[in-house]
Amino acid sequence: MDLNELMIERRKKLENLKEAGIEPYSNDFIRTHSIAEVLGNFEELEAEEKEVKIAGRVMALRDHGKSSFADLVDLSEKIQLYAKKNEVGEKAYDLFTDLNIGDHIGVEGTLFETGRGEITLRIKEFKLLTKSLRPLPEKWHGLKDVELRYRQRYVDLIVNPDVKQTFILRSRIIHGMRQYLEQKDFLEVQTPLMHPIAGGAAANPFITHHNALDIDLYLRIAPELYLKRLLVGGFEKVFEIGKNMRNEGLSRRHNPEFTTLELYQAYADYEDIMNTTEELIKTVAKNVLDDLEIKYNDHEINLNNWTRMTMIEAVKEHVGVDFNNVSNLDEAKSLADEKHLDYESKTSIGEIINEFFEEFVEEKLIQPTFITQYPVEVSPLAKRNPDNPAFTDRFELFIAGDEIANAFSELNDPIDQKERFEQQVEQREAGDDEAHMMDQDFIRALEYGMPPAGGLGIGVDRLVMLLTSSESIREVILFPHLRSENQ
RNA sequence: GGGCCAUUAGCUCAGCUGGUAGAGCACCUGACUUUUAAUCAGGGUGUCGGAGGUUCGACUCCUCCAUGGCUCACCA
């Protein structure tokens, strides 16, 4: 890689330091305080003239001749440093003024307040901990180029404090989910990422190869079928937080690898799960934001108000088309024609209702809304509604027009499940490469008897987007997928 | 994959109807012992994303390519 003048300059300094016998990457400095601790205990530390040792990255230098100021930043906070030539000695002072923005140093000294009231550390001694060889982006405007921000997230994190905050919140959101579920006696498990059969969702898998076994494997598109096997095995409440990989297009809402929470609870149904979902999200939001009213894009979203309606009700309300009165496919098709809805590959009323919903309704669901009773044709793993077997006891949660969660009473009838797999296989053979594959072992597991259960999947990235007001999934994934850089 | 837009110094950005580039920050040198977007004096560090083409002459116009953004398609 080419070196520009700024990098050459810094490498020269590095050589000079080495020649002077100074280790530019020493690792024997032990801090006594974080910067936040120093600031928080300022009065006491100042009164005692206590010598504190802190470490961090130099983010600004203001040289005044025989004295100098610098800003030092660690994860916790920022503090101003003050070095006087006659106090630290000429040699050390020259070293100090020769630092670059971006260097890591450890400093020891006492605290005082400047005339303008800024808490400042008066340096007694300091030590270079890491020489930085590349210039950082501009202090005032930061790093804006989104491509650079994603490719060099480390730089983004150094100079854009909001970005760091987003990922701290992400961690707290996931921690909050885990805490909530553990409190409810859910067991956290890890199931395979490499599947001989890709199942649990309608999606294109990535394919990889195991050399020793000489078999192709699929990177998982969902953990669902493994988690349900655990219900067969006798675990009653299980969950997994982890990555799924889907070989699909990228967008504001889609990254090829993304994180989900999936949970399964024996002897519960989708209504129990609906309550759990609502409580889980409220609890997490409250813990993380301390507020259930959030701003997302141009929307004011109130997490206190949750609506529930069936898909047919939602279509009726938002499109004015009532599928309660539709009894055959031709009627459904003519309704679709009226609304200029494309149903080319759709062969059932259920699929057409779902098209209506996805095309006209989803984007209008701004406040938290559970949509229930999904057509059986688009729900191959969900249990039928006992009163209306054309629909399933399933819900999806929409907030700000985005699907946040998907859940249902789990299909545990092995014969029904086998038939639905067979239908999926037919669709697959007809060219739908996202239809389910047959999973014989899963059927075998169901034949041993899976207790009735409710299951839930939450798109963790999308929830994090919502709770951090991030408009792109790439803002909540540390290293989002990009094309390879031409090196 | 389609459409639209963008790509100029390490970063943030100017650059007119075509006359081969500028500012601020950063960096270097000097001055300055409480500054804080420090200030003052001096220094421009560049394959104008890449490759062709038009032209006397291209950052500027055209074509192709690369990367990114938005959007459509795709996507429980």
Side-chain angles (χ1 to χ4, degrees), chain A residues 1-10 12-13 59-71 78-88 93 98 100-102 112-118 120 122 132-152 155-156 158-160 200-204 221-222 224 244 246-256 258 260 342 351 354 357-358 362 371 374-375 377-382 394-398 402-408 433-436 457 459 471-472 474 480 482-486:
Chain A
M1 187 168 283
D2 291 352
L3 297 181
N4 64 41
E5 296 280 328
L6 298 174
M7 288 189 253
I8 292 166
E9 189 66 45
R10 289 186 181 211
K12 226 186 285 169
K13 281 189 183 179
M59 291 302 282
L61 279 164
R62 295 179 288 280
D63 181 355
H64 285 259
K66 295 188 177 60
S67 76
S68 267
F69 294 91
D71 291 340
K78 174 171 99 177
I79 193 170
Q80 177 165 262
L81 306 179
Y82 182 56
K84 269 181 156 177
K85 194 169 189 171
N86 60 353
E87 286 176 4
V88 298
Y93 185 78
D98 214 28
N100 286 116
I101 289 173
F112 72 104
E113 208 168 337
T114 64
R116 289 218 197 160
E118 176 151 354
T120 301
R122 185 189 305 270
S132 164
L133 297 180
R134 283 178 183 267
L136 286 171
E138 211 231 3
K139 61 181 170 186
W140 199 239
H141 298 94
L143 181 65
K144 288 189 168 169
D145 183 310
V146 289
E147 184 177 354
L148 277 183
R149 287 185 48 231
Y150 299 153
R151 285 198 197 280
Q152 299 185 42
V155 180
D156 193 25
I158 292 168
V159 299
N160 294 328
N204 259 316
I221 54 175
E224 171 155 355
N244 296 331
R246 296 184 185 176
N247 207 339
E248 295 164 353
L250 291 79
S251 80
R252 195 178 71 73
R253 294 159 216 234
H254 297 85
N255 194 61
F258 59 101
T260 58
D342 181 26
E351 284 171 291
N354 190 57
F357 176 74
E358 288 187 354
E362 277 190 12
I371 298 296
Y374 276 61
E377 294 87 350
V378 297
S379 313
L381 301 164
R394 171 181 174 187
F395 72 80
E396 288 193 349
L397 169 64
F398 292 87
D402 274 350
E403 179 202 335
I404 302 289
N406 178 24
F408 33 85
D433 53 9
E434 290 176 358
H436 255 87
E471 291 186 23
S472 166
R474 293 175 166 198
L482 296 175
R483 259 175 236 271
S484 297
E485 201 173 0
N486 287 331

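Below, chain A is the first sequence line, B the second, and so on; all start at residue 1. It should be emphasised that the depicted structure is a prediction, and the values quoted were computed from it without experimental measurement.
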Should the side chain of [X] and the base of [N] be counted as holding a donor-acceptor pair, with the cut-off at 3.5 Å?
| X | N | result |
| --- | --- | --- |
| H141(A) | rC11(B) | no |
| D71(A) | rU36(B) | no |
| E118(A) | rU36(B) | yes |
| T114(A) | rU36(B) | yes |

Hey, is the side chain of [X] poking within less than 4.0 Å of OP1 or OP2 on [N], counting only N and O atoms?
| X | N | value |
| --- | --- | --- |
| R483(A) | rG68(B) | yes |
| K139(A) | rA38(B) | yes |
| R62(A) | rU35(B) | no |

Distance alone, cut at 3.5 Å: any donor-acceptor contact between the side chains of [X] and [Y]?
| X | Y | answer |
| --- | --- | --- |
| S251(A) | H254(A) | yes |
| R62(A) | Q80(A) | yes |
| N354(A) | E358(A) | yes |

Measure from the side-chain heavy atoms of [X] and tell me the nearest of [options].
| X | options | value |
| --- | --- | --- |
| K84(A) | rU33(B), rC75(B), rC11(B) | rU33(B) |
| D63(A) | rG68(B), rC32(B), rU12(B) | rC32(B) |
| E138(A) | rU34(B), rU33(B), rC11(B) | rC11(B) |
| P135(A) | rG68(B), rU33(B), rG10(B) | rG10(B) |
| R151(A) | rU35(B), rU12(B), rU67(B) | rU67(B) |

Output yes if the stacking criterion (under 5.5 Å between centres, under 30° between planes) is met for W140(A) over the base of rG24(B), else no. no

Working for side chain to side chain contact (heavy atoms under 4.5 Å, CB included), residues L381(A) and F408(A): CA-CA 8 Å; L381(A) 301 164; F408(A) 33 85; 3.9 Å; yes

Please say which of D63(A), L81(A), V88(A) ends up in a side-chain contact (heavy atoms from CB on, under 4.5 Å) with S68(A). D63(A)

Please check if the number of heavy atoms outside K13(A) that lie under 6.0 Å from its NZ is greater than 12. yes

Using a cut-off of 4.0 Å on non-hydrogen atoms, how would the nucleic acid contact of [X] be classed: base, sugar-phosphate, or nothing?
| X | result |
| --- | --- |
| G457(A) | nothing |
| E434(A) | sugar-phosphate |
| V146(A) | sugar-phosphate |
| N86(A) | base |
| Y374(A) | nothing |
| R246(A) | nothing |

When the nearest nucleotide of RNA chain B is assigned to E403(A) and to S472(A) on a heavy-atom basis, which residue is associated with the more 5' position? S472(A)

Comparing nearest nucleotides in RNA chain B, the 5'-proximal residue of the pair P137(A), L381(A) is P137(A)

Find the distance [X]:[atom1] to [N]:[atom2] and express it as a whole number of Å.
| X | N | atom1 | atom2 | result |
| --- | --- | --- | --- | --- |
| M7(A) | rG46(B) | CE | P | 11 Å |
| M59(A) | rU35(B) | CE | P | 23 Å |
| R134(A) | rG10(B) | CZ | P | 11 Å |

For a salt bridge (charged side-chain N to carboxylate O under 4.0 Å, His left out) check, start with the C-alpha distance between E396(A) and R394(A), then their side-chain angles and the critical distance, and finish with the verdict. CA-CA 7 Å; E396(A) 288 193 349; R394(A) 171 181 174 187; 2.8 Å; yes

Please list every stem that involves RNA chain B, where a stem is a run of 3 or more consecutive Watson-Crick or G-U wobble pairs with both pairing distances under 3.5 Å. B:1-7 with B:66-72, B:10-13 with B:22-25, B:27-31 with B:39-43, B:49-53 with B:61-65

Each nucleotide N or O in nucleotides 27-29 of chain B that has a protein N or O under 3.5 Å away: list the pair and distance.
unit_1: rC28(B); atom_1: OP1; unit_2: K13(A); atom_2: NZ; d: 2.3

Flag the pair R252(A) and E471(A) as a salt bridge only when some basic side-chain nitrogen lies within less than 4.0 angstrom of an acidic carboxylate oxygen. no

Tell me whether the centres of the aromatic rings in Y82(A) and F112(A) are closer together than 6.0 Å. yes

Taking the side chain as every heavy atom from C-beta outward, state whether L136(A) and I158(A) have any atom pair closer than 4.5 Å. yes

